Each structure stands twice: as structure tokens, then as C-alpha cells.
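Order of appearance sets the numbers: ligands from 1, and atoms from 1 within every ligand. These figures come from a predicted structure and were not determined experimentally. What's counted below: heavy atoms across the whole structure, side chains too, no hydrogens, waters or symmetry copies.
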Amino acid sequence: MSSLIIRPKGPLYGSVRISGSKNAALPILAATLLSEKPCTIFDVPPLSDTANMLGILRKLGSSIRHTGKDSFAITNDNIKKPEAEYEDTGRLRASFLIAGPLLAKYQKCRIALPGGCKIGSRPIDLHLKGFSSLGAAVSINHGIVELCAPRLRGASIYLDFPSVGATENIMMAATLADGITVIENAAVEPEITDLANFLNRMGACVRGAGTDTVKITGVPFLNGTVHTIIPDRIEAGTFMVAAAISGGRIKLENVVPEHLKPLSAKMREMGISVLESDTSILTEAAEELFPTDIKTLPFPGFPTDMQSQLCALMSVSHGTSIITETVFENRFMHVEELKRMGADITIEGRAAIVKGKPHLMGTKVTATDLRAGAALVLAGLCAEGETHIGDAEHIFRGYANFEEKLRNLGADIEKAPI
Ligand code: EPZ
């Protein structure tokens, strides 16, 4: 494992281009399995998560060419066995997104259960309920999910929870099913819409993505296509917090302001200036940082993936803030690490009470998961003294060229072995 070392160097100033969305790229890379024709995908963020997904596709038999900066040509005309082993799925929870495409294209698949992760148990019951409704036989033996269906048939599926992954998996499987599938209580995150746009470019018939009712009319086959991944709204939000917590001003290029509305609204409540244009956002730190309260919810509510970053910002605000995490059962692991830096945070069930302090103190901390690690980097930008973040691999899963982008904005940050 490697570490990140951050030394205080004052406010961050400048502009940064936001990379493609990790959470849009992962399902779209999986969706290429629905066709044997070539797909070219632009703005695939260079992350360990996307590298792991490309590795899984290669093991399945995909031919993948790196055609330029962050772009890949993928042809799936030689898929040997629709199977993925635990050594691959265990590294990338989102690997289970290959299930829907493989089931639809090859009528069967065997995929090792991805297992949980630190932020929660991450069940897949809603994915399996959807596949079963489409007519698949579902079995789980020795940690392997086996799906089989000579023909998938359209169905009406109500999701007990608007699960992002389940909506994506069912949507992909339904594109080649006989008849019409309606997903109700579907997730409405922007990444769902980006996937639907990609599928429709391949010749699918997906309507209503971005609303809670998605209708998919099955087609006989899908073609290859070309697609550019939408910008990563969570990377963008993380840099907005970097501007605010360091006392600086950062212009984000290549963003969709609409995707950041819940965060922008909360940051404005804290006194931070957020100015939007069509494809950019200028964030400037507040004279006085006010507290606020957030409750994480499925989109368009406040995103759970920005909760830990805002917690770091609240830790140095002038007052008490309350965070309620409703999406995952264990997403406060950054709290103990922030408290090691002097933050005053108390957890009561699903709520964290954050009493702002004038400053944090640099020390040795550990990244427990992707977004918790990002929160510790943000805290290090305003802490007094050096912050040493261990297990930094968690951070590289979801932030492309993170330390380089921060250095270009004036941060003193370097990667160090162990
Ligand atoms: C996606 O995960 C994202 N990952 C997560 O981002 C994000 O936090 C999450 O959506 C919520 O927005 C990707 O897109 C690759 P869910 P996913 O299914 O699809 C329960 C990051 O940091 N649930 O919407 O796994 C589940 O337990 C990552 O970039 C079931 O009960 O999220 C959780 O409480 C972290 N049964 C809730 O739904 C199921 O079958 C949300 O899960 C599936 C989910």
C-alpha cells in the first residue's frame, strides 16, 4: 500500500478539468458485452476501478485497444466463457454489473459474489429479483451466482429501494428480452441516464431514464457505437470542497452543474460562493463558514458519496452541523480518523454531530474507503502540520491523477511508499 503526504501551503487557486465519471464508466464498460460490434468509449477515467473492469472484460475474451488519452476501443466478438472468478469480482464490487449483459447476450453466466465492503453489506437481492422477474433461473452455490435463461421476457419490476446498480443491471438485461420491461421506483442518478443514452446509441429502446419509471422495449440485437462518459460529479464536488476548506478559489471545467445541485445548495448555505456556467463551476471560499445539516438520499437528494467530504468541511465551520446517513449502514469510518486530527464529532446511530473548530492538526491517519480517504486529503489541506494518509490505494480507486491535480492548484502533496 502507498501513502499520501500533505503539508499545509495555504489556499488553492486555479482551474481543474474534471475526468469522466467512474460510476458511469463502470456500467457502460460492462454494457459493451451486449454487442459483438466495436464500441469506442471516450473519457474513461484512468482509475484502478476502471482498470479492474477492463481486466475482467479481457479475461472474458474482449479485445480492448487503448486508442488515446482515456479512450478505448472494445470488441466483444470472442467471449469464451461468461464467467468471472472471485479474484476479480472481490476487487471490484461493481463487477457484478456484467451479470445483466452476459445473461442477456449468452443466456447464462457464473459470477463470484462480489461481497460487501467497509461501508456496508452491499447486497444484490434487488438485482437477482429483477433477473428472476425477467425469467432467469437464479442460484447461489459456494459463493457463485449462476443465472440461466434461454429467453428473457419483459416484466414489470418494482424496486424496494431505488438501487443504482440494480436499475442498471436490469435495464441492460431487458434490452435483449422479448417484450416490454418496466422498472418502477428506479434510481434516477445521472449515471443511469448516461448508461441509457449509451444503450440507445447501440440500438436499444430505453425510455424514461432519469425518472423513477424506466421502460425498456427488447430488440433482437445491439450494434457497436461511440460514446463519451459524462463528467464525474463526485470528483467535481470533492474539488469544490477543496476550494472551500483551503480558503481558495477553484474553477472546475467539464462539469454538468445540474448534477451538482444538491451539493451546491448546501455549500451556499455554508456561505460559500458557487457560480455556474453551462460547463463550469467557480467555487470561492466563504469569509465565514456557517454550519448546515445534511441528510443523504438517493438522487436528487444529497449524495452519500459526498458525505465524508462535507463532514471534513463542517469540522472547521463556525458552529454545529448534523449529518444523517440514510443510504449505507457504515459510512462514518472517516469520523475516527478526522477526530485524530482534532475534529469534534459525535456519532449517534445514523447521525454524526459535527462541532466546528478553528483548525485541525496534521497527523498519521488511514484511508478506510474511497470517499473517507478523500475527506482526509481535504482535511490535510487545512490542517496545521503534516498529514500522512496510509492505505491511499483506496483513494486512487476513484480519483484520477488526484495528487497532480491538487499540486497544480498549489497543494503540497506527494505520494510515498508505505
Ligand atoms: C452505486 O453503488 C455507486 N457505485 C456508489 O458509489 C454509490 O454510493 C451508490 O450507488 C449510491 O448512490 C457505482 O455506481 C459503481 P445502490 P450501488 O445499489 O449500486 C441497498 C463510490 O464511492 N441495496 O444504490 O452498489 C444497499 O444496501 C461508490 O463511488 C439493496 O438492499 O448502490 C444500499 O443500502 C460507493 N439490495 C442502497 O441499496 C440490492 O440489491 C444503495 O445501494 C442493492 C442495493
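Ring centers of Phe42 and His227: at least 6.0 Å apart, outside the cut-off.
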- Are Phe402 and Phe239 close enough, and set up right, to give a ring-ring contact (aromatic ring centres under 6.0 Å, His included), and what steps lead you there? CA-CA 10 Å; Phe402 198 31; Phe239 277 100; 5.7 Å; yes
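Geometrically, ligand 1 and Ser121 share no nitrogen or oxygen pair separated by less than 3.5 Å. In terms of polar-atom proximity, defined here as any N/O pair under 3.5 Å, Arg122 does make such a contact with ligand 1.
Although no hydrogens or angles enter the test, the distance criterion places a donor-acceptor pair under 3.5 Å between the side chain of Asp232 and the main chain of Glu235. Side-chain atoms of Lys251 never come within 3.5 Å of backbone atoms of Ile281 as a donor-acceptor pair (strictly under, hydrogens ignored). With hydrogens and angles disregarded, a donor-acceptor distance shorter than 3.5 Å links the side chain of Asp194 to the backbone of Ile230.
Listed by number with element, the atoms of ligand 1 under 4.0 Å from a non-hydrogen atom of Lys22 are 21 (C), 29 (O). Interface of Asp305 with ligand 1, defined as ligand atoms under 4.0 Å from a residue heavy atom, comprises 5 (C), 6 (O), 7 (C), 8 (O), 21 (C), 22 (O), 28 (C), 29 (O), 35 (C). Close contacts of ligand 1 with His127, meaning ligand atoms under 4.0 Å from a residue heavy atom, involve 40 (O). Of all atoms in ligand 1, listed by their number and element, those nearer than 4.0 Å to a heavy atom of Leu370 are 22 (O). Less than 4.0 angstrom separates some heavy atom of Arg93 from each of these atoms of ligand 1: 25 (O).
Of the candidates Thr296, Val164, Val327, Thr326, it is Val164 that places a heavy atom closest to atom 10 (O) of ligand 1. Within the set Arg371, Gln307, His394, Glu191, the minimum heavy-atom distance to atom 22 (O) of ligand 1 is found for Arg371. If you check each of Pro114, Pro123, Gly301 against atom 39 (C) of ligand 1, the one with the closest non-hydrogen atom is Pro123.
Evaluated for a side-chain hydrogen bond (donor to acceptor under 3.5 Å, both in side chains) with Arg331, the options Asp305, Thr368, Thr296, Thr326 yield exactly one hit, Asp305.
In the displayed structure, Lys215 atom NZ is contacted under 6.0 Å by at most 12 heavy atoms of other residues, nucleotides or ligands. Under a cut-off of 6.0 angstrom, the local environment of CG in Asp278 is sparse, with at most 12 non-hydrogen atoms contributed by other residues, nucleotides or ligands. For Glu85, the CD atom is loosely surrounded, since the number of other residues' heavy atoms within 6.0 Å does not exceed 12. For Arg65, the CZ atom counts as loosely surrounded, since its 6.0 Å shell holds 12 or fewer non-hydrogen atoms of other residues, nucleotides or ligands. Surrounding CD of Glu258 are at most 12 heavy atoms belonging to other residues, nucleotides or ligands under 6.0 Å away.
Not a single heavy atom of Lys129 lies less than 4.0 angstrom from ligand 1. Contact annotation: Arg331 has at least one heavy atom less than 4.0 Å from an atom of ligand 1.
A donor-acceptor contact under 3.5 angstrom links the side chains of Glu325 and Thr304, judged on distance only.
Atom 38 (O) of ligand 1 has as its closest protein heavy atom Phe161 CD2, 3.3 Å. Scanning the protein heavy atoms around atom 32 (O) of ligand 1, the nearest turns out to be Phe328 CZ, 4.1 Å. Remark: minimum distance from atom 36 (N) of ligand 1 to any protein heavy atom is reached at Asp125 OD1, 2.7 Å. Considering only non-hydrogen protein atoms, atom 18 (O) of ligand 1 sits nearest to Ser163 OG, 2.7 Å. Scanning the protein for heavy atoms near atom 15 (C) of ligand 1, the closest one is Asn23 OD1, 3.3 Å. Of all protein heavy atoms, the one closest to atom 19 (O) of ligand 1 is Gly165 N, 2.8 Å.
The proximity of Leu126 to ligand 1, defined as any non-hydrogen pair under 4.0 Å, involves the side chain as well as the backbone.
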